[in-house]
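What you see below is based on every heavy atom in this structure, not just the backbone, and it leaves out hydrogens, waters and symmetry mates.
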Number of protein chains: 2
Amino acid sequence: MTPTIKDIAKAAEVSVTTVSRALNGYTDVNEETKKKILRIADELKYSPNIAARSLIVKKTKTLGLLLSGITRSSIKDNIAFEILCGMNDRSGELDYDLVLFNTTSQKQRMKSYKSLCLERGVDGVIIMGIRLDDPYLQEIVQSSIPCVLIDIPLAEKNVGSVSTDNVSGAYQATEHLIRGGHKHIGFINGHAQAYVSIKRLEGYRLALLDHDIEYREEFIADGSFSENGGYESAIMLATKHPEITALFCASDLMAIGAIQGLKNIGKTVPENVSIVGFDNIAISGYCSPTLTTIHQNKYDMGYRAAQMLVDMLEGRQVHPHLTLPAELVERQSVRILS
Amino acid sequence: MTPTIKDIAKAAEVSVTTVSRALNGYTDVNEETKKKILRIADELKYSPNIAARSLIVKKTKTLGLLLSGITRSSIKDNIAFEILCGMNDRSGELDYDLVLFNTTSQKQRMKSYKSLCLERGVDGVIIMGIRLDDPYLQEIVQSSIPCVLIDIPLAEKNVGSVSTDNVSGAYQATEHLIRGGHKHIGFINGHAQAYVSIKRLEGYRLALLDHDIEYREEFIADGSFSENGGYESAIMLATKHPEITALFCASDLMAIGAIQGLKNIGKTVPENVSIVGFDNIAISGYCSPTLTTIHQNKYDMGYRAAQMLVDMLEGRQVHPHLTLPAELVERQSVRILS
DNA sequence: TTGTAGGCGTTATCAT
DNA sequence: ATGATAACGCCTACAA
């Protein structure tokens, strides 16, 4: 059996209370006995049972992570992984553990968000990849469990958010194309139920507006954030509107699909059509042509999200919405006209 | 407060014992009262406290995941992520949760492997990315906590492993080059403290042997599995031994670095030097030239590892070493001579 | 400075 | 079929 404080107490010939106090660094315990207890605990290789403790103190030092729709297909654009790395690092530094909630399985899906958290006894939750129309989102807002949302800035009590400045990112992407002399700029967006899509559209429109370029709805398509969606949208846009000389894509994966799609109909990037992506995923620096894109600091998003959540849990004041800067990364997929 | 079985008992006017039994599907409880209890539990939105339960049953339905050295740099070759996806999917299906152990932080590193597991009360652990010389490895072997190792086939009680058939993979890679007419084949390996490196070297040697090609130690370099390591090793090998016309790299990331390194000294792939990688990471299909490589089914590794661990936990017989097939994926980085 | 006693939410044992 | 009671490992009044 693994030793308990009772075993230590017996060995040290004191009460469990004293052991508990010594172990938890209380000052009202004799130096000698304390030393003795610590020594014995060490000898016995004692380690506290967190379950038992949490029953009393109602804190588990555990953060839940709700990854919606993380499946095999998310592997290419490993954005979730980068965010996860940042979260994992920061929560480790802050001495919290991370538990992954599996929301893909049907069985789990039946459970309410709240019971998911309650059962596992997590202190707070970070949520990413959730769609605006996901029923969980409602529950989350209403629940009193502290949480931080990635990419959805909900204004509620106990809810924080971190996201990239999507408007600015899309604005920079579009403006970069405009400055390059492009006048007919298509936009392959994600889907209507993504907050980032709404914001990126906003940035796109704003840039056109600021540069006196007419906004044309028919220049826009949804590529559902997938490579294939980008592929088909690009073909559709380029075929229907051959005057388009540039495409802004709301994700790199769609941009990569778009490059293939264009190639398929005899157009090359950037000679015939220029492309700017969004995300700056690993592949973007290696594909051909390398992709001009908007860099999101995914690692930092995770890192800051963990920080924010722990701040909330430990009662520190936080600014509920953190927006990280987006940055243009120039590579080969844009041709400067004139 | 969140409701407990006590609250349900009060509302249903029965004892907590009966409630517990009803909730856990025991048969010795009246249909009527059972229905009533279930209804009330539902009304109260009751969800069991896993911590309290685990105190008694000593099972947490939680799997620990020890990721060694998963940091920002692991983002490009997101192998860990793919494995994680597989694990997450399977453990979800089997109704287990996954908790990430943060072993990068110094603080955590001080803790013994065993106390890490004990504190968190995980039923078992999956371990990946650990080096042969990591002190944890010793502890793991000795400890009685069931675990599954990724890529290290230790033969111990309560220890299982899953890995790709590295010997066969390396053999296929080398043979593919030999069949292509290459006689001077360099090998950029990872590092001596990786089990996979040992095995891949074995496969490389075996292929040379089978085809009557002399094994030359000076054709081998360690690239530490990093892009930069591959870059420098390739330059070194190609400069010292200009007769080398092909390079087998123990990871795609090193292969990609190697391509750059060769380019830097005026050699192109595959015209001057052919390259075969290992892993088949996402980038390999997009870089230029696209990379001929050995495919590892990373998702499956995670999936099967989770399955194996749960099998062990639930007392089912398992074969302790699972080896998944490796498969050659032909792309553009190899030139067939004559 | 130390110990006693009670309780956290659950399940198991033994009665009834 | 149901209920009292003890136990899991820990913490925290309160008392001494």
Problem set entry | Rounded distance [0.5 Å steps], CD in B:Q317 versus CE in B:M312 | 10.5 Å
For this session: Under the salt bridge (Lys or Arg N to Asp or Glu O under 4.0 Å) rule, collect the residues that match up with A:D7, sequence neighbours excluded.
Result: none
Exercise. Over how many whole Å does the gap from B:E13 atom CD to D:dT2 atom C1' extend?
Worked result: 14 Å
Seminar exercise, completed: From CG of B:D7 across to C1' of C:dT10 the rounded distance in Å is 13 Å
Problem set entry | Nucleotide C:dT10, atom C1' - distance to CG of B:L23 in whole Å | 11 Å
For this session: Rounded off to whole Å, could you give me the CD1-to-P distance for the B:I5 and D:dA4 pair?
Result: 13 Å
For this session: Measure from NZ on B:K59 to C1' on C:dA12 and round the result to the nearest Å.
Result: 16 Å
Exercise. Contact class for B:N30 vs. all strands (heavy atom < 4.0 Å): base, sugar-phosphate, or nothing?
Worked result: sugar-phosphate
Seminar exercise, completed: So SG of A:C117 and CD1 of A:I140: to nearest 0.5 Å the spacing works out to 8.0 Å
Problem set entry | Among A:I83, A:V125, A:I127, A:L84, the one residue meeting side-chain contact (heavy atoms from CB on, under 4.5 Å) with A:L65 | A:L84
Exercise. Which ones in residues 41-51 of chain B lie close to DNA chain C, meaning a heavy atom under 4.0 Å from one of its atoms?
Worked result: B:Y46, B:P48, B:N49
Exercise. At under 4.0 Å, does any side-chain N or O of A:S15 touch on OP1 or OP2 of C:dG3?
Worked result: yes
Exercise. Salt bridge or not for A:E32 and A:K36, using N-O below 4.0 Å?
Worked result: no
Exercise. Which nucleotide in the list D:dT2, C:dC8, D:dC10 gets nearest to the side chain of B:V29?
Worked result: D:dT2
Problem set entry | Separation of C:dC8 C1' from A:L55 CG (nearest whole Å) | 4 Å
For this session: Rounded off to whole Å, could you give me the CD1-to-P distance for the B:I8 and D:dT2 pair?
Result: 16 Å
Exercise. Across the strands shown, which category fits A:T33 at heavy-atom distances under 4.0 angstrom: base, sugar-phosphate, nothing?
Worked result: sugar-phosphate
Exercise. Is B:K58 near enough to D:dG9 that one of its side-chain N or O atoms lies under 4.0 angstrom from OP1 or OP2?
Worked result: yes
Exercise. Nearest heavy-atom pair of A:S54 and A:T60: which atoms, and what distance?
Worked result: CB-CG2, 3.7 Å
Problem set entry | Shortest non-hydrogen contact from B:K6 toward B:V16 | CA-CG1, 3.8 Å
Protein and nucleotides 12-16 of chain D: nitrogen or oxygen contacts under 3.5 angstrom:
| residue | atom | partner | partner atom | Å |
| --- | --- | --- | --- | --- |
| D:dT12 | OP2 | A:Y26 | OH | 3.1 |

For this session: Given side-chain contact (heavy atoms from CB on, under 4.5 Å), test B:Y113 with B:L137 step by step and report yes or no.
Result: CA-CA 9 Å; B:Y113 162 75; B:L137 199 55; over 6 Å; no
Problem set entry | Distance, rounded to the nearest Å, where B:K6 contributes NZ and C:dG9 contributes C1' | 8 Å
Seminar exercise, completed: Closest non-hydrogen contact found for A:P3 with A:L44 is CG-O, 3.2 Å
